[in-house]
There are 2 protein chains.
Amino acid sequence: MPDADKQAANFQRVREAHQVEVAEDYVELIADLIEATGEARAADIARRLGVSHPTVVKAIGRLQRDGLVESLPYRSVFLTESGRAMAERSKRRHEVVLGFLKALGVADETAERDAEGIEHHVSDETLSAFERFIRDSR
Amino acid sequence: MPDADKQAANFQRVREAHQVEVAEDYVELIADLIEATGEARAADIARRLGVSHPTVVKAIGRLQRDGLVESLPYRSVFLTESGRAMAERSKRRHEVVLGFLKALGVADETAERDAEGIEHHVSDETLSAFERFIRDSR
DNA sequence: CAAAACATATAGCCTGGGCTATAGTTCATT
DNA sequence: AATGAACTATAGCCCAGGCTATATGTTTTG
């Protein structure tokens, strides 16, 4: 069995990753919506996340509290500087993971499904390895 | 932007994966503890997950309710048939992901860290691709 | 074999992230 | 400009998964 402290640290890391996961999904989606349609409306966010409106409203509240997002009642949502930064990182990660899975020979649909879950748990080192692989496989 | 329904379905899938994640971590760890020490004590589980005892007790309660585990008050924890099956799958997945990351050139420590988060989000198809890669890289 | 040490359980709290049902705003259209 | 449709917000609920503090068993040991 692995060293207990290390194992505990790893689990703790995953739990922390978990807490930012939702934030990452939101800001990434908000950035995409703004880019594609000019604005991020709560209804669209809810539809694309597969979640009810109130859930989105509450999440937006948390994001705002955490300084990732700005929003006024009955208005659409905007990213703050740090929200934009998180969205950028998150998007890049997503694309690398997706591209990596495809390069590995995984079908597009599956790659899209798995990337959504995997992306939040990939360290910088592993991400680099993914990029290297993509490069080498071309 | 991707199709809204597909995107929503993907997010939903990740949320579901999330719900079984904790269960997988527990049964896998319980199986390892039983194998290594003959029994799975709550205190050890807590230590290795990096979590308090009461958290473990509550989790065990949920696992028992879901038929993955059997336990009597003040006694150690046992896996049911389906708990053992889940532990098996989970362990195999874990090992494949870990071996894959290492084969890709990721440092052991990092591979161990990332595998813990990634393993729960890898579909069978992607897992096969990982295995293929490990095989080919030898 | 009693007492101390240790392990487990319970109570009660918190946050996150879901939901439905209801209420309030904004916008488009006639 | 009024009204109906669409959107957004609020209230109030639920469960998972954390925690600390306290109580209750179990084991070890003097």
Side-chain angles (χ1 to χ4, degrees), chain A residues 4 8-30 33 37-78 116-117 120, chain B residues 4 8-30 33 37-78 116-117 120:
Chain A
N10 288 348
F11 281 120
Q12 254 153 356
R13 218 179 316 260
V14 175
R15 285 198 294 275
E16 277 158 31
H18 232 298
Q19 299 210 320
V20 293
E21 240 180 82
V22 175
E24 289 180 345
D25 286 340
Y26 271 86
V27 296
E28 193 181 340
L29 178 55
I30 289 166
L33 283 170
T37 73
E39 62 178 352
R41 309 190 70 80
D44 294 336
I45 297 173
R47 211 174 74 251
R48 301 197 93 98
L49 288 178
V51 126
S52 73
H53 304 176
T55 296
V56 170
V57 171
K58 273 216 255 179
I60 298 294
R62 286 190 294 268
L63 295 178
Q64 189 158 23
R65 177 202 62 191
D66 297 343
L68 293 166
V69 130
E70 269 162 17
S71 93
L72 296 174
Y74 295 102
R75 294 268 98 97
S76 64
V77 183
F78 300 94
E116 201 59 69
H120 306 286
Chain B
N10 288 348
F11 281 120
Q12 253 153 357
R13 217 178 317 260
V14 175
R15 284 197 296 275
E16 277 159 31
H18 229 297
Q19 300 209 320
V20 294
E21 240 180 82
V22 175
E24 289 180 345
D25 286 341
Y26 271 87
V27 296
E28 193 182 339
L29 178 55
I30 289 167
L33 283 169
T37 73
E39 61 177 356
R41 307 190 72 80
D44 294 337
I45 297 173
R47 211 174 73 251
R48 300 197 93 98
L49 289 178
V51 125
S52 72
H53 303 176
T55 296
V56 170
V57 172
K58 272 215 257 179
I60 298 295
R62 285 190 295 269
L63 295 177
Q64 190 159 21
R65 177 201 61 192
D66 298 342
L68 294 165
V69 131
E70 268 163 18
S71 95
L72 296 173
Y74 297 101
R75 294 268 99 98
S76 64
V77 184
F78 300 92
E116 201 58 70
H120 306 285

Exercise. Does a side-chain N or O from A:S52 land closer than 4.0 Å to OP1 or OP2 of C:dC19, or not?
Worked result: yes

Exercise. Below 4.0 angstrom from OP1 or OP2 of C:dG17, is there any side-chain N or O of A:T55?
Worked result: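 A:T55 to C:dG17 OP1/OP2: no side-chain N or O under 4.0 Å.
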
Problem set entry | Value rounded to 0.5 Å, distance of CD1 in B:I60 from OG1 in B:T55 |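 Reported to 0.5 Å precision, the distance equals 11.5 Å.
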
Exercise. Rounded to the nearest 0.5 Å, what separation is found between the CG atom of B:L63 and the CD1 atom of B:I30?
Worked result: 6.0 Å

Problem set entry | B:R41: partners by side chain to side chain donor-acceptor pair (under 3.5 Å), with sequence neighbours left out |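 In terms of side chain to side chain donor-acceptor pair (under 3.5 Å), with neighbours along the sequence ignored, B:R41 is linked to B:E39.
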
For this session: Apply side chain to side chain donor-acceptor pair (under 3.5 Å) to A:R13 and list each qualifying residue two or more places apart in sequence or on a separate chain.
Result: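 If we apply the side chain to side chain donor-acceptor pair (under 3.5 Å) test to A:R13, skipping adjacent residues, the hits are A:N10.
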
For this session: Would you sort out whether B:L33 and B:R48 count as a side-chain contact (heavy atoms from CB on, under 4.5 Å), showing the intermediate values?
Result: CA-CA 10 Å; B:L33 283 169; B:R48 300 197 93 98; 4.0 Å; yes

Problem set entry | Backbone of A:G50 reached by a side-chain donor or acceptor of B:R15 within 3.5 Å |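 Such a contact is found between B:R15 side chain and A:G50 backbone.
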
For this session: Return the set of residues passing salt bridge (Lys or Arg N to Asp or Glu O under 4.0 Å) with B:D25 (not counting sequence neighbours), or none when no residue passes.
Result: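 Partners of B:D25 by the salt bridge (Lys or Arg N to Asp or Glu O under 4.0 Å) criterion come out as none, since no residue qualifies.
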
Problem set entry | Qualifying residues under salt bridge (Lys or Arg N to Asp or Glu O under 4.0 Å), relative to A:R75, sequence neighbours excluded | none

Could you state the atom-to-atom distance from [atom1] of [X] to [atom2] of [N] in whole Å?
| X | N | atom1 | atom2 | result |
| --- | --- | --- | --- | --- |
| A:I60 | D:dT10 | CD1 | P | 13 Å |
| A:L33 | D:dC7 | CG | P | 14 Å |
| A:I45 | D:dA9 | CD1 | C1' | 14 Å |

For this session: List in numerical order all residues of residues 20-30 of chain B for which some heavy atom is under 4.0 Å away from an atom belonging to DNA chain D.
Result: B:V22

Exercise. Contact class for B:V51 (heavy atom, under 4.0 Å): base, sugar-phosphate, or nothing?
Worked result: sugar-phosphate

Problem set entry | Nucleotide-resolved protein contact map, nucleotides 3-15 of chain C, B/S/- at heavy-atom distance under 4.0 Å | ----SBSBB-B--

